[in-house]
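We're numbering straight along the sequence, starting at 1.
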Amino acid sequence: MTFPAAGSRAPDFSTQNQYGEPVRLSDYAGRRDVVLVFYPYAFSQVCTSELAALRDRPALLESAEFLAISCDPLFTLRAYSDAENLPFSLLTDFWPHGAIASTYGVFDPDRGCARRGTFVIDRTGTIRWSIVNPLPQARNLDDYAEALASLR
């Protein structure tokens, strides 16, 4: 699978967050750096531990707009966000199923979910850093912090 390379323009997308509000990646251009965090499944053990660890790093969350994306439906994401008290947007890639994840090269068609991919996008809409971890392997949040610090 091919992932958008560092230095390339981030593919734009439009979807909804856990509250049904529209979210478009290009709306952040010129305003905020963005971290796209693709994850396989709401309520799964590794995903929950990763997103809870992110929730518990407020200084990191303040440094960029974090958008967590899964192929779960909107109402599942709302229940998940409420249950885990997640202070960032959870975006649905449910329909067309996996379209956003496919655009970023992280959709797993055999499992019907996003792989564990992360993309740091600067204010110009350029991908500056990315990593794709195997499904069972949690990401290191310090890598996010380091990638964001390099934008300054």
Side-chain angles (χ1 to χ4, degrees), residues 1-6 8-29 31-57 60-61 63-122 125-145 147-148:
M1 214 165 241
T2 305
F3 313 107
S8 67
R9 184 134 192 91
D12 197 15
F13 61 83
S14 178
T15 188
Q16 293 178 312
N17 68 14
Q18 69 268 36
Y19 303 108
E21 300 164 336
V23 176
R24 184 175 189 95
L25 179 62
S26 57
D27 288 345
Y28 296 98
R31 295 185 316 121
R32 272 199 79 145
D33 299 321
V34 174
V35 180
L36 300 182
V37 180
F38 289 92
Y39 64 100
Y41 302 109
F43 294 104
S44 63
Q45 183 177 3
V46 175
C47 297
T48 299
S49 68
E50 276 191 315
L51 296 180
L54 187 55
R55 173 199 64 211
D56 296 341
R57 300 261 312 254
L60 180 58
L61 289 175
S63 67
E65 190 71 31
F66 281 78
L67 303 173
I69 306 172
S70 76
C71 295
D72 293 301
L74 176 79
F75 299 108
T76 300
L77 296 179
R78 176 66 186 263
Y80 185 46
S81 176
D82 290 349
E84 297 300 322
N85 195 27
L86 300 174
F88 43 84
S89 289
L90 303 184
L91 306 184
T92 183
D93 193 14
F94 183 69
W95 199 256
H97 195 73
I100 300 168
S102 293
T103 301
Y104 280 83
V106 296
F107 185 68
D108 184 334
D110 296 331
R111 291 186 171 99
C113 68
R115 290 183 177 92
R116 212 171 289 288
T118 308
F119 298 85
V120 172
I121 301 165
D122 70 16
T126 302
I127 296 173
R128 302 299 292 260
W129 179 86
S130 66
I131 191 167
V132 179
N133 291 31
L135 285 182
Q137 181 184 336
R139 291 166 274 212
N140 182 343
L141 295 185
D142 291 336
D143 292 342
Y144 299 3
L148 287 165

> For I100 and T92, work out which heavy atoms get closest and say how close.
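Looking at all heavy atoms of both residues, the closest pair is CD1-O, 4.2 Å.
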> Taking the side chain as every heavy atom from C-beta outward, state whether F13 and L36 have any atom pair closer than 4.5 Å.
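Yes; the side chains approach each other to less than 4.5 Å.
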> Would you say the side chain of F94 lies within less than 4.5 Å of the side chain of Q16, judging by non-hydrogen atoms?
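In short, these two side chains do not touch, never coming nearer than 4.5 Å.
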> How close do L141 and L54 get, heavy atom to heavy atom, and via which atoms?
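L141 and L54 have their closest heavy atoms at CD1-N, 3.5 Å.
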> Between G117 and R139, what is the shortest heavy-atom contact and its length?
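What the structure gives for the nearest pair is O-NH1, 2.9 Å.
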> Could you give me the CA-CA distance, side-chain angles and deciding distance for Y39 and S44, then say whether side chain to side chain contact (heavy atoms under 4.5 Å, CB included) is met?
CA-CA 10 Å; Y39 64 100; S44 63; over 6 Å; no
> Measure the CD1-CG distance between I69 and L25 for me, rounded to the nearest 0.5 Å.
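Between atom CD1 of I69 and atom CG of L25 there are 8.0 Å.
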> Please assess F119 against V106 for the test side chain to side chain contact (heavy atoms under 4.5 Å, CB included), listing each intermediate value before the final yes or no.
CA-CA 11 Å; F119 298 85; V106 296; 4.1 Å; yes
> Taking it one step at a time, do L67 and Y28 satisfy side chain to side chain contact (heavy atoms under 4.5 Å, CB included)?
CA-CA 11 Å; L67 303 173; Y28 296 98; 4.0 Å; yes
> Tell me the closest heavy-atom pair linking S81 and Q18, and the distance in Å.
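For S81 versus Q18, the nearest heavy atoms are OG-NE2, 3.1 Å.
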> Do V46 and L135 come within less than 4.5 Å of each other through their side chains, counting heavy atoms only?
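Answer no - side chains too far apart.
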> Taking side chain as C-beta onward, heavy atoms only, is R116 less than 4.5 Å from C47?
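SC-SC contact between R116 and C47 confirmed.
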> Mind checking the OG1-CG spacing from T103 to D93? Nearest 0.5 Å is all I need.
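If we round to the nearest 0.5 Å, T103:OG1 and D93:CG are 8.0 Å apart.
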> What is the distance from atom OH of Y144 to atom CD1 of I131, rounded to the nearest 0.5 Å?
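Y144 OH to I131 CD1: 9.0 Å, rounded to 0.5 Å.
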> Should the ring pair F38 and Y104 be called parallel, tilted or perpendicular, given that the plane angle runs from 0 to 90° and is split at 30 and 60?
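Answer is tilted, since the angle falls between 30° and 60°.
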> Stepwise, does the side chain to side chain contact (heavy atoms under 4.5 Å, CB included) test hold for V37 with F66?
CA-CA 7 Å; V37 180; F66 281 78; 4.2 Å; yes
> Measuring from I121:CD1 to R32:CZ, what's the distance to the nearest 0.5 Å?
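Here the interatomic distance stands at 13.0 Å.
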> Looking at every non-hydrogen atom in both residues, tell me the closest pair between R24 and S14 and how far apart they are.
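So the minimum-distance heavy-atom pair works out to NH1-CB, 3.7 Å.
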> How about CD on Q137, more than 12 heavy atoms from neighbouring residues, nucleotides or ligands closer than 6.0 Å, or not?
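Above 12, so yes.
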> Quick one: ring pair (Phe, Tyr, Trp, His ring centres under 6.0 Å) partners of Y80, sequence neighbours excluded?
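Per chain and number, Y80 pairs via ring pair (Phe, Tyr, Trp, His ring centres under 6.0 Å) with F43.
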> What heavy-atom pair brings L86 and A52 nearest, and what distance separates the two atoms?
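Heavy atoms only, the tightest pair is CD2-N, 4.4 Å.
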> Taking T126 for the side chain and D122 for the main chain, is one N or O donor matched with an acceptor at less than 3.5 Å?
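A pair under 3.5 Å: no.
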> Any salt bridge between D142 and R57, counting N to O under 4.0 Å?
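A salt bridge is present here (some side-chain N lies under 4.0 Å from a carboxylate O).
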> Can you tell me how far the CD atom of E50 sits from the CG atom of N140, to the nearest 0.5 Å?
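With rounding to 0.5 Å, CD (E50) is 10.0 Å from CG (N140).
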> Would you compute the distance between atom CG of D72 and atom CG of L91 and round it to the nearest 0.5 angstrom?
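With rounding to 0.5 Å, CG (D72) is 12.0 Å from CG (L91).
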> Examine distances only and state if a side-chain atom of R115 and a backbone atom of V132 form a donor-acceptor pair shorter than 3.5 Å.
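Checking the backbone N and O of V132 against the side chain of R115, no donor-acceptor pair under 3.5 Å is found.
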